[in-house]
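Because only heavy atoms are used, hydrogens play no part in the values below, and waters and symmetry mates are left out as well, while side chains stay in. By convention in this document, chain letters (A, B, ...) are assigned in the order of the sequence lines, proteins followed by strands, and residues within each chain are numbered from 1. Here the structure is a predicted model, which is why all the values come from computation and not from measurement.
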Amino acid sequence: MKDCTNCQFNLYAAKTFNKEQLSSMEDNCSGKTFKKGELIFKEGITCSRVSLLKEGLVKIHMVGVGGREQILKLVKAPNYIGIPNTVGDKTYHYSATAIEETQVCFIGLDNFKELLHLSKDFAYNIIADFCKNEILHFRNCIHKTQKQSAGLLADALLNFANNIYESHSFTLPLSRQEMADSFGTSRENVSRMLSEFQRDGIIKVDKKEISIVNIKRLELISGLG
DNA sequence: GCATTAACCACAG
DNA sequence: CTGTGGTTAATGC
């Protein structure tokens with residue numbers, strides 16, 4: 001029934017697996033589709049598996065000070081989500097929610113470990129991914145503490161345009177509140193800034209439809225902070 | 001002082 | 001859930 005041969009994770013990280021190893025993977029993974037807004041895993045519960053994001057877009061979020069929600073990052077398929085929760089106390093330290101129709105494949109922890117032992121390339125790819133992520137997080141950390149909200153909003157819009165949708169026009173998958181939760185401002189501020197960007201001819205906004213008119217200006221705002 | 005930035009509140013679609 | 005307007009507090013010329 002299941003066939004992991006053409007799973008993008010084989011191409012992405014584990015293309016060295018042989019037939020037997022693949023069939024072990026096939027026996028031990030299970031796929032599930034999540035609709036926009038559906039929770040994939042929740043902060044606080046026990047973690048016993050790794051999630052492979054095969055299709056879609058997910059927000060990684062965590063409850064912060066005073067119950068305030070913080071969106072840490074968006075993850076686009078194909079990617080792993082939740083591996084850091086599989087070590088130590090094996091508890092999810094953050095939640096993942098689908099913000100677009102999303103397909104996830106779960107693989108049991110023991111099986112995952114076995115695969116790590118089986119393939120150096122597989123293991124190395126995961127480490128490489130983590131390294132990239134940590135550096136990204138350092139950069140993000142600096143931005144969030146040193147930039148003011150207009151710069152952060154510009155960053156967010158550029159991220160959608162350049163990395164997530166690879167287009168100057170896109171539909172925001174997040175509400176204004178969620179945008180605010182991404183970089184620690186108020187939803188009012190996000191509304192206002194989007195209006196201002198539009199007024200200044202930098203973007204065009206129609207509800208959640210965004211198109212970037214003047215990307216140079218946006219980059220300038222992002223750079224100025 | 002005066003300007004800027006942003007949070008909080010209230011109210012209208 | 002959004003967009004606006006008023007108000008207030010903090011910070012920096």
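- A cation-pi contact links Lys32(A) to Phe34(A), judged by a cut-off of 6.0 Å to the six-membered ring centre and 45° from its axis.
- A donor-acceptor contact shorter than 3.5 Å links the side chain of Asp89(A) to the backbone of Thr91(A).
- With Glu209(A) contributing its side chain and Asp206(A) its backbone, the two residues share no donor-acceptor pair below 3.5 Å.
- Spacing between atom CG of Leu194(A) and atom P of dT4(C) amounts to 10 Å, rounded to whole angstrom units.
- Residue Gly151(A) is classed as having no contact, given no heavy-atom separation below 4.0 Å to the nucleic acid.
- Here the C1' atom of nucleotide dT7(C) and the CZ atom of Arg192(A) are 11 Å apart, to the nearest Å.
- Distance Met193(A) CE to dT4(C) P: 14 Å, rounded to the nearest Å.
- Counting to the nearest Å, the C1' atom of dG3(C) and the CZ atom of Phe197(A) are 16 Å from each other.
- Between Phe41(A) and Tyr92(A), the ring planes are parallel. Angles under 30° get that label, and only those over 60° would be called perpendicular.
- Where DNA chain B meets chain A (any atom under 4.0 Å from a heavy atom), the bounding nucleotides read 5' to 3' are dT5(B) to dC9(B).
- The CD1 atom of Ile210(A) sits 13 Å away from the C1' atom of dT2(C) (whole-angstrom rounding).
- Along DNA chain B, the nucleotide nearest Glu188(A) and the nucleotide nearest Ser149(A) are compared for position; the residue whose nucleotide lies closer to the 5' end is Ser149(A).
- For the pair Lys208(A) and dT2(C), the criterion of a side-chain N or O lying under 4.0 Å from OP1 or OP2 is met.
- Leu158(A) CG to Asn163(A) CG: the interatomic distance, rounded to the nearest 0.5 Å, is 9.0 Å.
- Not one side-chain nitrogen or oxygen of Arg187(A) sits closer than 4.0 Å to the OP1 or OP2 atom of dC1(C).
- Checked for salt-bridge contact, Glu100(A) and Lys59(A) miss the test: no charged N lies under 4.0 Å from a carboxylate O.
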